[in-house]
Amino acid sequence: MISSPIGAPIRKVLVLGGGTAGWMSAAALSKVLNGQVEVVLVESELIGTVGVGEATIPPILTFNGKLGIDEREFMRATRATFKLGIEFRDWTRLGDRYMHPFGSFGLDIEAIKFHQIWRKVRDRVGPIDNFNLSAIAARSNRFALPDPDPAKVLSSLKYAFHFDAGLYARFLRGFAEKRGATRIEGKVADVALRGEDGFIQSVTLEDGRVIEADLFIDCTGFRALLIGQTLGGRYLDWSRWLPNDRAVAIPCDTGGDGLTPYTRATADKAGWRWRIPLQHRTGNGYVYSSAHIGEDEALAALTAGLDGPARADPNFLRFQAGRREQAWIKNCVAIGLSSGFLEPLESTSIHLIQAGITKLLALFPDKGFDPLEIDEYNRLTAQQVELVRDFIILHFKATERSDTPYWDYVRTMDIPDSLARKIDLFAGRGRLFQSDYDLFAEPSWIAVMLGQGIVPRQYDALVDTLPEAALVHRLKRMSDLIGQTAQAMPDHAAFIARYCAADLAAGVSA
Amino acid sequence: MSRAPLKSVAVLGGGVASWMTACALARVLPGECRPVVIETADSVPRGALSTLPALRAFHGLLGLDEATLMRVARGTYKLGARYNGWAGDGHDHVEGFSDVGASLDGVAFHHHWLRTRARGDAGRYEDYSLAAVAGRLGRFAPPSEDPRSVLSTLSYGLHLDAAAYVATLRSAAGRVEASTGEIAEIALAADGQIAAVVLADGRRIVADLFIDATPDGRVIGAAPDAAWIDDPALPCDRLALREVAARANPPPLTEFEAAPEGWLRRVPLRGGDAVALAYAGDRTSADEARDILGGDATIVPLRNGHRRRAWSGNCVAIGPAASQVEPLNGDDLQAIQSGVGRLIALLPTADGSPLAALEYNRLMAEEQDRARDMAAFRYLAATRDDPLWIQARGTAPSPALAYKQAQFESRGRVVLYDEETFMEGAWAGAFLGHGITPHRHDRLADRLPADKADAVLARLRGMIREAAQAMPPHADALRDRP
């Protein structure tokens with residue numbers, strides 16, 4: 001029989017794995033497909049979830065919004081705090097720090113980019129952070145919800161969340177089950193393929209149950225049970241650019257700077273450490289290169305930097321930076337870590353899950369599984385992930401650090417041509433040409449380029465067409481307004497206590 | 001380390017490309033640097049221009065008053081383009097400059113239209129575009145800024161007389177030094193850079209940066225690695241231009257009619273319609289072309305293709321010197337506008353900027369390829385049996401176009417690459433208009449109950465028709481803006 005491009009509709013989707021990726025997928029599918037498709041999720045309580053990516057970026061608001069999730073309910077349930085950006089410490093050189101805030105810098109004038117204007121008069125108007133409300137509010141530990149009136153400075157605030165990924169999965173599970181998704185407890189013992197075309201026909205659980213489906217979503221994390229082990233999808237290795245291959249994570253009691261409305265990423269001897277404040281604890285981890293330091297040394301460095309007493313035993317993780325060559329093969333789509341891994345330096349793990357789900361919904365197949373739809377999914381995924389990869393490599397490449405062999409390696413390594421071109425163009429005259437596929441918009445590239453010490457040698461010649469004294473005056477007013485707006489915002493911890501305090505006595509363990 | 005800024009720029013050639021470039025540069029170059037324009041005899045502008053709405057932003061940056069421009073340059077409004085006879089006799093569609101329908105439940109409108117059409121009567125896709133409907137009715141009104149008004153979905157381009165447009169730019173150029181002259185020789189320095197352009201009257205034009213805005217690229221042609229590459233995807237290599245009497249109420253549309261020899265374009269101007277025939281010189285003689293246009297016509301050459309590098313050393317080619325595509329998308333001046341915009345964004349320093357040139361060439365080549373794909377697509381989708389059309393259909397599409405068309409045919413998905421001139425709505429309109437129908441629509445459209453979707457579509461269609469009928473005739477709109 002010739003396979004027709006017009007197939008029957010998909011009736012059943014099986015999501016394998018119940019971590020963040022699994023439950024985000026099940027929640028979105030059950031909501032958007034609205035009962036047209038049966039959604040079944042298989043997970044085992046015996047298999048732990050990685051739970052990386054407790055920090056998010058602003059598009060998570062779109063995801064929650066599409067699902068119709070109430071923000072306060074969600075924040076209480078996941079013990080969430082607000083996030084206005086990421087503070088980077090010791091990246092360019094020891095003792096240096098900069099903020100990659102959400103939202104944009106200043107306002108363009110006469111169609112001339114703000115960062116070009118700032119570059120010309122920066123000696124007189126101060127650091128570029130002064131022109132980003134999220135950055136200034138973050139520095140003073142303040143938070144308020146953005147004003148819906150676009151005329152107000154407070155409308156420029158952009159935010160995301162820090163949350164407990166395990167609780168987020170649990171929250172989404174409740175959401176998905178309410179909308180008809182079914183959860184099956186069990187471990188997969190075997191996967192059966194269709195003889196004629198090698199598509200996945202069913203999975204068999206250890207207790208002998210056989211579950212068939214039309215479409216399979218592989219959310220089994222690094223194991224990649226379906227896309228890798230069963231279908232043999234190749235993995236493209238990026239470790240020559242991203243040598244970190246281990247992490248150790250420990251939650252600790254809240255302490256130190258307390259509930260900062262930002263994530264902190266501190267560069268260390270052979271990698272970097274994260275600090276993510278939640279309402280009930282602080283998440284910490286050290287992402288490192290096993291070629292450069294050992295497990296014990298990494299653990300010691302992480303422990304020495306904790307804000308308070310550890311609340312659990314260290315959790316060691318192994319990974320390899322890269323992506324699945326094809327995230328969608330036959331009737332199987334890999335979402336989450338099974339589709340690839342990029343270290344959580346820019347909090348992109350959850351976002352890439354979201355991007356995968358969005359694309360799957362946009363290209364939702366029928367039983368004909370048109371290869372064109374699969375090609376398009378894979379093409380878009382590759383483009384998006386490679387742009388994120390370049391953005392992350394930038395943090396390591398653009399450094400002056402030479403204090404350890406690790407930093408010597410990343411500073412001098414070859415980088416992808418796409419990134420080299422971007423750096424050179426920015427270094428010359430602050431030029432950026434945004435790709436439509438990039439998850440990170442211009443302000444993010446500007447923040448990190450400047451933060452990592454790449455200051456354009458020259459500014460756009462167009463800036464000289466604007467009278468200089470008036471520019472300085474205007475920029476000073478902008479930064480004054482932003483400063484005043486930030487000062488009027490409440491303290492972050494106080495805002496959370498009022499807005500979405502979790503019932504910490506409810507006894508969810510770390 | 002800071003490099004010296006540009007001290008001198010020379011623009012060679014006197015047509016639209018050269019004056020758009022000179023006007024824009026005059027506004028951004030530092031005070032001591034005045035652009036010099038050398039107007040050559042063969043760059044005299046001819047015929048009419050049919051532009052996209054984006055050109056109006058360029059006018060805004062130059063501070064050009066639109067009402068004055070339209071009066072001086074015989075301007076009329078353009079709400080889109082009409083194509084007829086492409087998919088055989090009787091084929092006729094309009095691609096309008098407005099949203100088509102509205103995205104419903106987060107799913108692009110054309111999926112809902114495909115669904116309703118498969119079940120019964122959905123009308124034509126263009127019936128949901130206010131610009132297309134008003135265009136066909138010969139009516140025009142300016143867009144509304146109120147987002148609740150259906151008029152806010154409109155935008156418009158302009159029809160302009162090329163020679164008068166140049167005259168307007170020239171008078172608005174400000175500090176530009178213009179003179180006439182003929183290029184006699186290009187003197188190269190040892191490193192391949194252009195040392196000077198020698199004119200027939202003996203003048204030696206020396207500059208840090210040379211802009212080649214000649215019709216044939218004779219300046220950039222002397223630079224290394226800037227050879228011309230022909231594009232075989234498009235079959236015509238001549239344009240015959242003529243003007244005919246105006247109609248009483250010309251539609252605010254550029255009209256493209258397929259003909260056995262190629263295609264005919266009609267652009268309404270104040271006081272006359274500019275018509276052009278695009279044809280292939282080896283199949284049709286100049287006399288035959290004149291006969292088709294019904295009288296004396298000016299014949300100008302057309303060479304589909306592009307420079308290997310539009311920016312080489314200290315020379316940047318802009319306009320026909322850099323790239324040429326048969327003007328059948330109604331996107332005249334778009335390549336010039338974006339070339340000038342990118343040149344300014346990447347403005348070189350006096351000692352040259354190899355990196356900037358590299359990026360410029362990459363971006364312009366991509367944009368050129370995508371716009372060429374749109375033109376090539378119109379030939380590929382055509383069903384005519386004349387030899388020229390059969391030849392054009394026999395040329396393989398670029399892989400990017402083949403992929404884009406296959407994706408649309410599969411389920412109406414519009415693939416957009418970086419540097420597209422035409423966005424999702426424009427591509428969907430062209431695909432559907434030329435008769436490419438997706439095998440099926442996006443499943444997500446089915447979440448809307450079918451009877452409800454049908455009702456929404458019927459209401460939209462009625463609303464758009466009413467709004468179009470309430471607009472004044474195009475001729476009246478022009479009279480109100482004297």
Side-chain angles (χ1 to χ4, degrees), chain A residues 4-7 9-10 31-37 66 110-113 116 358 361-366 368 370-377 379-380 383 417-418 420-438 456-466, chain B residues 1-6 24-31 33 57 60-61 105-108 111 341-349 353-356 358-360 362-363 366 403-411 413-420 423 438-440 442-448:
Chain A
S4 155
I6 305 171
I10 299 276
K31 164 81 181 176
V32 175
L33 298 174
N34 205 9
Q36 292 183 61
V37 172
K66 270 196 188 145
E110 306 270 336
I112 301 170
K113 301 268 168 102
Q116 297 285 6
T358 306
L361 286 170
L363 288 160
F364 200 75
D366 56 33
D370 189 342
L372 272 168
E373 285 160 4
I374 299 176
D375 286 354
E376 180 66 352
Y377 184 93
R379 182 185 76 92
L380 290 169
Q383 298 238 27
D417 289 345
S418 46
R421 196 178 68 225
K422 228 170 195 152
I423 293 177
D424 288 345
L425 281 165
F426 189 83
R429 206 186 268 267
R431 296 153 180 145
L432 287 165
F433 293 90
Q434 173 94 29
S435 165
D436 291 340
Y437 301 102
D438 205 335
R457 287 188 291 276
Q458 286 179 300
Y459 52 84
D460 188 336
L462 283 177
V463 181
D464 285 333
T465 61
L466 304 171
Chain B
M1 190 190 75
S2 183
R3 298 200 185 108
L6 278 181
L25 286 179
R27 268 164 185 75
V28 304
L29 288 174
C33 180
L61 289 176
D105 200 16
V107 177
H111 296 290
R342 293 213 166 101
L343 173 64
I344 289 171
L346 288 162
L347 213 54
T349 43
S353 314
L355 194 72
L358 220 62
E359 185 72 352
Y360 181 91
R362 181 182 75 85
L363 294 168
E366 280 192 27
Y403 185 77
K404 185 180 274 185
Q405 185 168 337
Q407 285 287 337
F408 191 81
E409 277 175 334
S410 162
R411 61 185 248 168
R413 181 172 173 78
V414 178
V415 173
L416 289 181
Y417 304 100
D418 280 338
E419 317 313 329
E420 294 270 10
M423 294 300 148
H439 296 311
R440 65 211 137 127
D442 188 337
R443 275 282 314 276
L444 295 184
D446 295 339
R447 292 176 306 175
L448 203 63

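This one's a predicted model, so the numbers in the text were calculated from it and none came from an experiment.
The residues A:Arg429 and A:Asp424 are annotated as not salt-bridged, no charged nitrogen and carboxylate oxygen being separated by less than 4.0 angstrom. Residues A:Lys422 and A:Asp417 are not paired through a salt bridge, judged by the lack of any N-O separation under 4.0 Å between the basic side chain and the carboxylate.
Heavy-atom distances place no part of B:Leu29 under 4.5 Å from chain A, backbone and side chain included. When heavy atoms are compared at a cutoff of 4.5 Å, A:Pro365 approaches chain B solely by way of its backbone atoms N, CA, C and O. Only the side chain of B:Arg362 comes within contact range of chain A, with at least one heavy atom under 4.5 Å from a heavy atom of that chain.
With hydrogens and angles disregarded, no donor-acceptor distance shorter than 3.5 Å links the side chain of B:Arg411 to the backbone of B:Pro438. For the pair A:Tyr459 (side chain) and A:Asp464 (backbone), a donor-acceptor distance under 3.5 Å is absent. Without hydrogens or angle criteria, B:Arg447 side chain to B:Asp105 main chain gives a donor-acceptor distance under 3.5 Å.
Top candidate by heavy-atom pairs under 4.5 Å with chain B, chosen from A:Glu110, A:Lys113, A:Arg379, is A:Arg379. When each of A:Leu425, A:Ile10, A:Leu361, A:Val463 is scored by its heavy-atom pairs under 4.5 Å with chain B, the top score falls to A:Leu425. Ranking A:Ala362, A:Gly35, A:Ala461, A:Gly428 against chain B, the residue ahead of the rest is A:Ala362, based on heavy-atom pairs under 4.5 Å. Among the candidates A:Asp460, A:Leu363, A:Leu33, A:Leu462, the residue making the largest number of heavy-atom pairs closer than 4.5 Å to chain B is A:Leu363. Contact count against chain A (heavy-atom pairs under 4.5 Å) is highest for B:Arg413 among B:Arg413, B:Glu409, B:Glu420. Annotation: maximal heavy-atom pairing with chain B below 4.5 Å, among A:Thr465, A:Leu372, A:Asn34, occurs at A:Leu372. For chain B, the option among A:Glu373, A:Gln116, A:Gln36 with the highest count of heavy-atom pairs below 4.5 Å is A:Glu373. Ranked by heavy-atom pairs under 4.5 Å with chain A, the first of B:Asp418, B:Val28, B:Leu416 is B:Asp418.
Smallest separation of non-hydrogen atoms from B:Leu6 and B:Cys33: O-CB, 3.8 Å. Shortest non-hydrogen contact noted between B:Ile344 and B:Ala24 is CD1-CB, 3.9 Å.
In this structure, B:Tyr403 OH and B:Tyr417 OH are separated by 7.0 Å, a value rounded to the nearest 0.5 Å.
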